[in-house]
Amino acid sequence: MALQLGDTVPDFTQDTSEGSISFHSWAGDSWVVLFSHPADYTPVCTTELGTVASLKPEFEKRNVKVLALSVDSVDSHKGWINDINETQNTTVNYPIIADPDRKVADLYGMIHPNSLNNLTIRSVFIIDPNKKLRLSLTYPASTGRNFDEILRVIDSLQLTDYHQVATPANWKDGDDCVVVPSISTEEAKQKFSKGVTEVKPYLRMTPQPNK
Ligand code: BEZ
């Protein structure tokens with residue numbers, strides 16, 4: 001069965017462009033974004049991996065490690081990284097898993113043969129420090145992902161975990177948040193010092209607590 005939100009994600013040991021990684025111990029107490037791409041030396045993937053490299057400080061600020069994957073070899077990854085750095089004006093500063101035996105791809109369901117035969121499609125997994133799956137996204141091979149959206153989801157998940165608020169449609173950092181349904185309005189008024197607006201008994205808004 002496909003991995004579902006809330007599941008403990010599978011552990012694995014696999015070679016990467018930065019040496020062998022045992023996933024759970026490599027992740028440690030960090031959040032992780034694990035994302036697959038179809039193949040090295042392809043145009044959309046080149047832009048994606050460059051974009052992730054330039055966003056690395058944003059991931060680090062949020063205690064997130066990033067980890068890419070395709071079914072190519074370590075040597076292929078290493079050669080391609082030079083091209084990414086040259087063409088995307090960046091330095092790839094995170095590991096890319098070499099998964100020629102499809103071990104990790106199969107564990108995480110990254111191969112969708114009716115869409116792209118034998119290659120990984122564009123999967124994204126956000127994994128929390130307890131190794132629980134918190135988001136999964138699947139994009140087609142022809143569409144480069146919006147990694148600002150991945151950062152936005154991480155911000156939302158961390159607000160829920162650390163401040164007990166949820167985020168409304170199209171929320172951006174700094175916008176008002178939603179009080180989670182498990183907190184009563186009375187409790188919310190005590191907890192959120194910036195104030196709570198009760199639009200409906202089930203729809204309570206509060207300024208973003210960590211701003
Ligand atoms: C790309 O990265 O450009 C790509 C890879 C596989 C299929 C289509 C596009």
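Atoms within each ligand, like the ligands themselves, are counted from 1 in listed order. Sequence positions, counted from 1, serve as the residue numbers for this chain.
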*Cation-pi check, Lys65 to Trp31: give yes when NZ or CZ is under 6.0 Å from the six-membered ring centre and within 45° of the ring axis, no otherwise.*
no
*With the side chain counted from C-beta on, respond yes when Ile183 and Gln164 share a heavy-atom pair under 4.5 Å apart, and no when they do not.*
yes
*asked:* For the OG1 atom of Thr46 and the CG atom of Asn85, what is their distance to the nearest 0.5 Å?
replied: 11.0 Å
_How far is atom 4 (C) of ligand 1 from the closest protein heavy atom, and which atom is that?_
Arg122 NH2, 3.6 Å
*Nearest 0.5 Å, what's the CD-CZ distance between Glu48 and Arg145?*
4.0 Å
_Protein contact to atom 3 (O) of ligand 1 [nearest heavy atom, distance to 0.1 Å]_ = Val44 N, 2.7 Å
*Where ligand 1 meets Pro43 - atom numbers and elements under 4.0 angstrom, heavy-atom basis*: 1 (C), 2 (O), 3 (O)
*Atoms of ligand 1 less than 4.0 Å from Cys45 heavy atoms?*
1 (C), 2 (O)
*Numbered atoms and elements of ligand 1 in range of Thr42, under 4.0 angstrom, heavy atoms*: 1 (C), 2 (O), 3 (O), 5 (C)
_Can you confirm whether Asp155 sits close enough to Arg62 that some side-chain heavy atom of one is under 4.5 Å from a side-chain heavy atom of the other?_
yes
*Write out the residue and atom name of the closest protein heavy atom to atom 7 (C) of ligand 1, then the distance separating them to 0.1 Å.*
Ala141 CB, 3.5 Å
